[in-house]
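Single-structure report; data block below.
Just so we're on the same page: letters track the sequence lines, and every chain starts at 1.
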Amino acid sequence: MENAYLGAQAVQWFIEIQHRLSKRVILRNLSDEYINLIGGMDVTYLNDFALGVFVVLDRNLNLVSVYYSEKRVTFPYIPGLLAFRELPVLLDCFFQAKKQGQVPDIVFLDGQGIAHPRRLGVASHFGILVNLPTIGVAKKRLYGVCKNAPSLGTPEPLFDRNGDVLGYCYVPKPRTSPLYISPGHLCNPESALKITTKMFRGYKLPEPIRLAHHYTQRLRLEKLKRQE
DNA sequence: GCGACAG
DNA sequence: ATCTTGTCGC
């Protein structure tokens, strides 16, 4: 028995929370020169458990430390409400790191930032809660449209219905599908793109997220093996 | 009413 | 996200 169905009125309640929180999102230029510690987060699932990982890298993209968290999933996956499903483990990982004095200068999350119907994807929501700059890097589109199809290394702006730029669609490597990069909190689309562009090491995903995903899968295999 | 739809 | 094998290529 996994997660329960969410009634239509409950959904509206969570959507209203997002409308209120999105007003607190701050978009501003963020220079990368003072970024020395970088965080990356990812979540995977096993039965009714969410397994979260928070990796910390130095400015040369080398791994500094890894934090883990496991919690029973209570919220169903609903496009647009992903944060409510993943936030419990993400926050748990983050506060473990904080207790060790390892608070990064910026955090990358697997999912959208403001490229979201209410401008509050998981990266924005998390950024508001911990008051840190965040960037969302998603492997699929949720909201917003591009004028042209992106080609290798050429970012295509992602617009909302008013013509505002929400983020960028970007192809980091030949023969791979595009990524959707958008600011979460305390940075703007341009800064998010510029900073993210410096996080690649030849793979499709930027290092903070690639490593977080790597450890998240390893944790999953261990738990799977540990259960049989 | 018909699609679209992060992880 | 997860369920899943081989296969083409560097």
Side-chain angles (χ1 to χ4, degrees), chain A residues 1-3 5-6 8 11-12 14-15 18 21-22 25 40-54 68-93 107-128 134-146 158-161 166-170 173-185 189 192 196 201-206 208-210 212-225 227-228:
Chain A
M1 46 189 93
E2 201 176 304
N3 38 61
Y5 168 74
L6 216 52
V11 168
Q12 289 310 309
F14 287 106
I15 286 178
Q18 292 184 321
L21 284 179
S22 68
V25 170
M41 314 195 86
D42 188 32
V43 178
T44 190
Y45 299 90
L46 178 53
N47 299 322
D48 55 346
F49 278 90
L51 315 179
V53 163
F54 179 35
Y68 305 91
S69 177
E70 296 185 13
K71 286 181 183 295
R72 218 170 266 282
V73 179
T74 59
F75 205 95
Y77 170 68
I78 300 173
L81 299 183
L82 177 66
F84 295 103
R85 181 172 167 84
E86 305 200 329
L87 239 24
V89 282
L90 293 181
L91 290 171
D92 186 27
C93 287
V107 180
F108 284 82
L109 289 100
D110 196 335
Q112 315 290 349
I114 64 170
H116 176 280
R118 284 146 325 260
R119 290 172 159 262
L120 197 82
V122 63
S124 298
H125 199 147
F126 180 82
I128 288 291
T134 57
I135 294 175
V137 179
K139 296 178 291 298
K140 291 181 179 177
R141 187 197 72 90
L142 171 65
Y143 183 77
V145 293
C146 287
L158 189 62
F159 300 98
D160 69 5
R161 65 171 69 191
L166 295 171
Y168 293 88
C169 189
Y170 181 72
K173 183 184 181 186
R175 298 182 58 185
T176 59
S177 51
L179 297 176
Y180 295 82
I181 302 167
S182 63
H185 186 46
T196 302
R201 274 197 168 174
Y203 296 93
K204 173 179 179 176
L205 296 174
I209 289 178
R210 189 182 71 84
H213 187 260
H214 171 80
Y215 286 104
T216 222
Q217 292 304 310
R218 198 169 74 69
L219 180 59
R220 185 174 195 281
L221 286 179
E222 286 178 357
K223 187 176 178 66
L224 192 59
K225 201 166 189 177
Q227 286 181 337
E228 57 186 40

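- Atom CE in A/M41 sits roughly 17 Å away from atom C1' in C/dA1 (whole-Å rounding).
- Sequence order on DNA chain C of the closest nucleotides to A/L46 and A/R175 puts A/L46 first from the 5' end.
- Rounded to whole angstrom, the span from the CG atom of A/L82 across to the C1' atom of C/dA1 amounts to 10 Å.
- Among C/dC3, B/dA6, C/dA1, the nucleotide with an atom closest to any side-chain atom of A/R220 is C/dC3.
- Residue contacts for A/G80: at a heavy-atom cut-off of 4.0 Å it reaches a base atom on one of the strands shown.
- One interatomic measurement links the two molecules: CG of A/D42 to C1' of C/dA1, which rounds to 9 Å at whole-angstrom precision.
- Here A/Y77 packs flat against the base of B/dG7; its ring centre is closer than 5.5 angstrom to the base's six-membered ring, tilted by less than 30 degrees.
- Between the CG atom of A/L221 and the P atom of C/dT4 there is a distance of 13 Å, rounded to whole Å.
- The CD-P distance, from A/Q112 to B/dA6, rounds to 8 Å in whole Å.
- Remark: A/T44 is in phosphate contact with C/dT2, judged by side-chain N or O atoms under 4.0 Å from OP1 or OP2.
- Closest heavy-atom contact between A/V73 and A/F49: CG2-C, 3.6 Å.
- The OH-C1' distance, from A/Y168 to B/dA6, rounds to 20 Å in whole Å.
- Straight-line distance from the CG atom of A/L179 to the P atom of B/dA6: 15 Å, rounded to whole Å.
- When the side-chain nitrogen and oxygen atoms of A/Q217 are compared with OP1 and OP2 of C/dA1, none of them lie within a distance under 4.0 Å.
- Residues A/H116 and A/S124 form no side-chain contact, since every pair of their non-hydrogen atoms from C-beta on lies 4.5 Å or further apart.
- Nearest nucleotide to the side chain of A/A138, out of C/dC3, B/dA6, C/dA1: B/dA6.
- Applying the 4.0 Å criterion to OP1 and OP2 of C/dA1, one finds that A/K140 has every side-chain N and O outside that range.
- Between the side chains of A/S177 and A/K140, not a single donor N or O lies within less than 3.5 Å of an accepting N or O.
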